[in-house]
Amino acid sequence: MLQTWLNEFLDYVRVERGLSQNTILAYRSDIAHFLTFLQKRSFAVPAGLRDGMIAYLLELQRMGLSAATVARRTAALKSFFGFLTRLDYLPDDPAAEFSSPKLIQRLPRVLTPQEVERILTAPRLNTPSGLRDRAMLELAYASGLRVSELVGLDIDNLNLEAGYVRVFGKGARERVVPVGRAARQSLRDYLRRGRPILCGRCRGKALFLNRRGERMTRQGFWKLLKHYAQAAGINKNLSPHTLRHSFATHMLENGADLRVVQELLGHADISTTQIYTHLTGRRLREIYELAHPRA
């Protein structure tokens, strides 16, 4: 019964809410972990669901999991039980009284413009993979794309003449993002001299290909980003979205409107974008202290 309910819930978030495959897989993993816990502890369904959730959350704390992990799993269960309650599969919501643990908001790690420049110019342009890597790095920074959006691009998503890329973000929301001159040139070079060699006889439309002629993966991009950061002498602990965070921060530091940056990033809520104002505020404070004679 529980597995059937889980399958219905996953169909709902995929079809009705349009969530990404990665988010759906995370829901499946988190909820399945809880269901396995219920079975091992022999909690009755539905009568024992509330007690089972209390025991489960205590177990997560005992395991020493991070607040972010506990919050994510709590949110997944609240969504799942809310769905079941709305369909009258449950008489009441066993998760209604539970709240996610408060998280310490960590500012994203960003690069300086000089560090970005060193990474972007690190790939060698005498190989097909080097041309691809330069194009991927340039586009990621020029347009602030999520890694999943970057590797998910097809050739026909690009309009280099008009200077934009059509992106499908979270929840299958579509947006059009400008592409700068340097990124457009790198993309032209890759499409002309890199992709045809990587593709060989492949017939797919994926923009960025690996050496087997298949679509590049998120992990593949992360590896190349870390490789070029190391080659550029940058020892920061980078995340897959480092160039996206740097894009947003540098835009705001140079006077871009917060609403514009929100649209470019594809954030549904401007509060998500506002985290970057903390970063720019910190930078403004540094500049003030250096420049003002009585700071």
Side-chain angles (χ1 to χ4, degrees), residues 105-125 130-151 153 158 160 163-165 167 169 175-190 208 216 218 221-267 270 272-292 295:
Q105 191 176 44
R106 290 186 173 88
L107 297 179
R109 190 179 299 275
V110 300
L111 299 165
T112 66
Q114 294 75 22
E115 289 172 332
V116 171
E117 181 70 19
R118 283 154 53 192
I119 291 177
L120 297 185
T121 56
R124 296 180 179 180
L125 304 183
L131 290 166
R132 176 204 62 207
D133 296 349
R134 170 70 71 85
M136 292 191 79
L137 293 167
E138 286 277 11
L139 182 58
Y141 179 64
S143 301
L145 304 186
R146 299 179 178 92
V147 178
S148 57
E149 296 168 347
L150 181 70
V151 300
L153 289 174
L158 283 178
L160 295 180
Y164 70 82
V165 60
V167 181
R175 70 185 190 278
V176 174
V177 185
V179 179
R181 290 189 301 274
R184 293 203 302 270
Q185 186 57 54
S186 294
L187 286 163
R188 289 191 184 98
D189 292 341
Y190 164 66
F208 296 115
M216 280 283 290
R218 293 161 46 125
F221 177 75
W222 192 5
K223 287 179 181 178
L224 74 86
L225 173 61
K226 291 194 293 184
H227 167 73
Y228 289 118
Q230 185 177 17
I234 298 169
N235 298 318
K236 293 180 178 179
N237 184 24
L238 307 184
S239 78
H241 288 309
T242 296
L243 290 177
R244 174 175 165 87
H245 298 323
S246 301
F247 160 85
T249 303
H250 298 165
M251 288 284 290
L252 289 169
E253 285 182 343
N254 286 284
D257 183 80
L258 186 64
R259 289 285 183 183
V260 172
V261 175
Q262 177 193 1
E263 288 294 322
L264 293 174
L265 293 175
H267 287 160
I270 198 168
T272 309
T273 318
Q274 284 175 331
I275 188 172
Y276 298 108
T277 63
H278 298 306
L279 290 168
T280 56
R282 185 174 61 186
R283 176 59 180 157
L284 288 173
R285 180 69 188 181
E286 292 173 355
I287 294 172
Y288 173 82
E289 292 179 349
L290 287 172
H292 198 284

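Hydrogens, waters and symmetry mates play no part in the numbers below; they use all other heavy atoms, side chains included.
Note: Tyr164 OH to Arg184 CZ = 12.5 Å, rounded to the nearest 0.5 Å. Interatomic distance, Lys236 NZ to Thr112 OG1, rounded to the nearest 0.5 Å: 5.5 Å. His245 NE2 to Thr249 OG1: the interatomic distance, rounded to the nearest 0.5 Å, is 8.5 Å. If you take CZ on Arg188 and CG on Leu131, they are separated by 14.5 Å, rounding to the nearest 0.5 Å. Expressed to the nearest 0.5 Å, how far CD of Glu253 lies from OG of Ser246 amounts to 9.5 Å. With rounding to the nearest 0.5 angstrom, the CE atom of Met251 is 10.0 Å from the CG atom of Asp257.
Taking Arg118 as the reference, nothing meets the side chain to side chain donor-acceptor pair (under 3.5 Å) condition, with sequence neighbours excluded. Qualifying salt bridge (Lys or Arg N to Asp or Glu O under 4.0 Å) partners for Glu149, counting only residues two or more places apart in sequence or in other chains: Arg146, Arg175. Contacts of Arg181 classified as side chain to side chain donor-acceptor pair (under 3.5 Å), with partners at least two apart in sequence or in another chain: none. For Lys223, there are no side chain to side chain donor-acceptor pair (under 3.5 Å) partners, not counting sequence neighbours. Contacts of Tyr190 classified as side chain to side chain donor-acceptor pair (under 3.5 Å), with partners at least two apart in sequence or in another chain: none.
Contact annotation: the side chain of Leu145 never approaches that of Arg244 to less than 4.5 Å [non-hydrogen atoms, C-beta and beyond]. In this structure the side chain of Leu125 never reaches within 4.5 angstrom of the side chain of Ser186, judged on heavy atoms.
In this structure, the side chain of Arg134 engages the main chain of Leu120 through a donor-acceptor pair within 3.5 Å. A donor-acceptor distance shorter than 3.5 angstrom exists from the side chain of His250 to the backbone of Leu111, with no hydrogens or angles considered. Remark: side-chain polar atoms of Arg109 are not paired, donor with acceptor, to backbone N or O of Ser239 under 3.5 angstrom. Counting only distance, with no hydrogens or angles, the side chain of Thr242 and the backbone of Val110 share no donor-acceptor pair below 3.5 Å.
Judged as a side chain to side chain donor-acceptor pair (under 3.5 Å), the pairs with a partner in residues 224-234 (not counting sequence neighbours) are, in order, Asp133-Tyr228.
Heavy atoms of other residues, nucleotides or ligands lying less than 6.0 angstrom from CG of Asn235 number 12 at most. Counting non-hydrogen atoms of other residues, nucleotides and ligands closer than 6.0 Å to CZ of Arg124 gives a total of 12 or fewer.
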**OP:** Apply the test side-chain contact (heavy atoms from CB on, under 4.5 Å) to residues Leu150 and Phe208: give CA-CA distance (whole Å), side-chain angles for both, the deciding distance (0.1 Å), then the verdict.
**Re:** CA-CA 8 Å; Leu150 181 70; Phe208 296 115; 3.9 Å; yes
**OP:** Run the numbers on Arg218 and Trp222 for side-chain contact (heavy atoms from CB on, under 4.5 Å), then give the verdict.
**Re:** CA-CA 6 Å; Arg218 293 161 46 125; Trp222 192 5; over 6 Å; no
**OP:** Output, in order, the C-alpha distance, side-chain angles, deciding distance and verdict of side-chain contact (heavy atoms from CB on, under 4.5 Å) for Ile234 and Ile119.
**Re:** CA-CA 9 Å; Ile234 298 169; Ile119 291 177; 3.6 Å; yes
**OP:** Please report the C-alpha distance between Leu225 and Met136 in whole Å, then the side-chain angles of each, then the deciding distance to 0.1 Å, and finally whether the side-chain contact (heavy atoms from CB on, under 4.5 Å) criterion is met.
**Re:** CA-CA 10 Å; Leu225 173 61; Met136 292 191 79; over 6 Å; no
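Residue Leu187 comes nearest to Ala135 through the heavy atom pair CD2-CB, 3.9 Å, listed as atom of the first residue, atom of the second, then distance. Taking each heavy atom of Leu137 and Pro123 in turn, the nearest pair found is CD1-CG, 3.8 Å. The nearest pair of heavy atoms linking Val151 to Phe221 is CG1-CB, 4.4 Å. Summarising the geometry of Ala142 relative to Gly180, their closest heavy-atom pair is CB-N, 4.1 Å, with the distance given to 0.1 Å. Scanning all heavy atoms of the two residues, the minimum distance from Ser143 to Val179 falls at OG-CG2, 3.8 Å.
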